[in-house]
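The structure under discussion appears below in the form of structure tokens.
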Amino acid sequence: IGAPGAKPYPVGLPEASLGICPGWGGTNLLPARIGAVDAMRRTASGTPMLYREATQAGLFDFIVGDVTKLIEKAAQWVSSRPAPIRDGAPARWIGREDRAAITQFTEESLRAELCKTAPGNAVWSCVAAGLTDGWQAALDAERRHLIELRATPEAKGAIESFFARSSAKAGKA
């Protein structure tokens with residue numbers, strides 16, 4: 001659910017910019033919401049979108065025109081939705097998509113492009129796990145890669161820098 005606001009908040013999976021892999025199924029959720037190739041590239045690089053770009057990409061299921069009515073309209077929208085699928089996986093993830101979209105994933109050039117970085121390799125591996133072995137396998141792959149990557153010198157440095165910047169911003173507020 002999206003709403004235009006006064007402040008342009010980024011939307012996406014920025015974890016790769018910290019040298020780590022997204023969790024909570026993000027590697028398999030985003031490719032079901034926007035183009036699979038664009039989603040994997042963005043996830044592997046940590047490149048977010050602003051509201052307008054996310055809207056144009058089709059990221060949101062529902063747009064609330066007036067941000068002051070976001071909670072009210074979002075609650076109405078959620079309550080109007082059909083009952084969820086009860087198989088333990090989200091209703092929209094790449095493993096539920098039609099197979100034509102998934103064939104893009106098998107392109108060797110995309111794999112070569114993504115796997116140039118450790119986070120990109122992790123994204124590729126997580127999407128492959130989801131497509132091959134299902135939702136739980138995708139979550140397990142994300143967890144495994146997150147644990148491995150967070151211990152690398154690159155990730156440790158990026159995470160430290162992130163918290164230092166956040167702390168400096170909080171001190172100015």
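Counting begins at 1 with the first residue of the sequence. No hydrogens, no waters, no symmetry mates; every other heavy atom, side chains included, goes into these values. Since the structure is predicted, the reported quantities are computational estimates derived from the model, not experimental observations.
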* Asked: Would a hydrophobic clustering, with Ile, Leu, Val, Met, Phe, Trp and Tyr connected at side-chain separations under 4.5 Å, put L18 with V123?
  -> no
* In the single-linkage hydrophobic clustering (I, L, V, M, F, W, Y; side-chain heavy atoms under 4.5 Å), do V37 and W93 co-cluster? -> yes
* Nearest heavy-atom pair of G65 and P4: which atoms, and what distance? -> O-CG, 3.8 Å
* Structure fact -> Sequence neighbours excluded, the answer for side-chain hydrogen bond (donor to acceptor under 3.5 Å, both in side chains) partners of Q76 is none
* Asked: Can you hop from F60 to F62 via hydrophobic side chains spaced under 4.5 Å?
  -> no
* **Taking every non-hydrogen atom, the tightest pair across C21 and L149** => N-CD1, 3.9 Å
* Asked: How far does CZ of R165 sit from NZ of K169, to the nearest 0.5 angstrom?
  -> 7.0 Å
* Asked: Which is it for V11 and Y51 under the side chain to side chain contact (heavy atoms under 4.5 Å, CB included) test, yes or no, and what are the steps along the way?
  -> CA-CA 7 Å; V11 179; Y51 171 80; 5.8 Å; no
* Please report the shortest heavy-atom distance between A44 and L114, naming the atom on each side. => CB-CD2, 3.6 Å
* Verify same cluster id: W124, L139 (apolar side-chain graph, 4.5 Å) -> yes
* Asked: In the single-linkage hydrophobic clustering (I, L, V, M, F, W, Y; side-chain heavy atoms under 4.5 Å), do Y9 and L13 co-cluster?
  -> no
* Asked: What are the two closest heavy atoms between W135 and P90, and how far apart are they?
  -> CE2-CD, 3.3 Å
* Close side-chain approach of D87 to R96, heavy-atom, < 4.5 Å -> yes
* To do: Measure the CD1-CD distance between I20 and E154 for me, rounded to the nearest 0.5 Å.
  => 13.0 Å
* Atom pair CH2 (W77) and CG (L70), whose distance is rounded to the nearest 0.5 Å -> 12.0 Å
* Asked: What pair of heavy atoms forms the shortest contact from A39 to I34, and how long is it?
  -> CB-CG1, 3.7 Å
* Asked: Partners of F162 by ring pair (Phe, Tyr, Trp, His ring centres under 6.0 Å), sequence neighbours excluded?
  -> none
* More than 12 heavy atoms of other groups within 6.0 Å of I71 CD1 -> no
* Asked: Is D61 paired with R92 through a side-chain N to carboxylate O contact shorter than 4.0 Å?
  -> yes
* Structure fact -> For Q136, the side-chain hydrogen bond (donor to acceptor under 3.5 Å, both in side chains) test, sequence neighbours excluded, returns D140
* Pairwise side-chain hydrogen bond (donor to acceptor under 3.5 Å, both in side chains) hits with a residue in residues 36-46, at least two apart -> D38-R42, R41-E113, R42-E53, S45-T47
* How would you list, by chain and number, every residue that makes a side-chain hydrogen bond (donor to acceptor under 3.5 Å, both in side chains) with S167, sequence neighbours excluded? -> none
* Within the distance-only criterion (no hydrogens, no angle test), does the side chain of E142 pair as donor or acceptor with the backbone N or O of G26 below 3.5 angstrom? -> yes
* Asked: Which pairs with one or both residues in residues 10-26 pass side-chain hydrogen bond (donor to acceptor under 3.5 Å, both in side chains), sequence neighbours excluded?
  -> none
* Structure fact -> What one should report as the nearest heavy-atom pair of H145 and S125 is NE2-OG, 3.0 Å
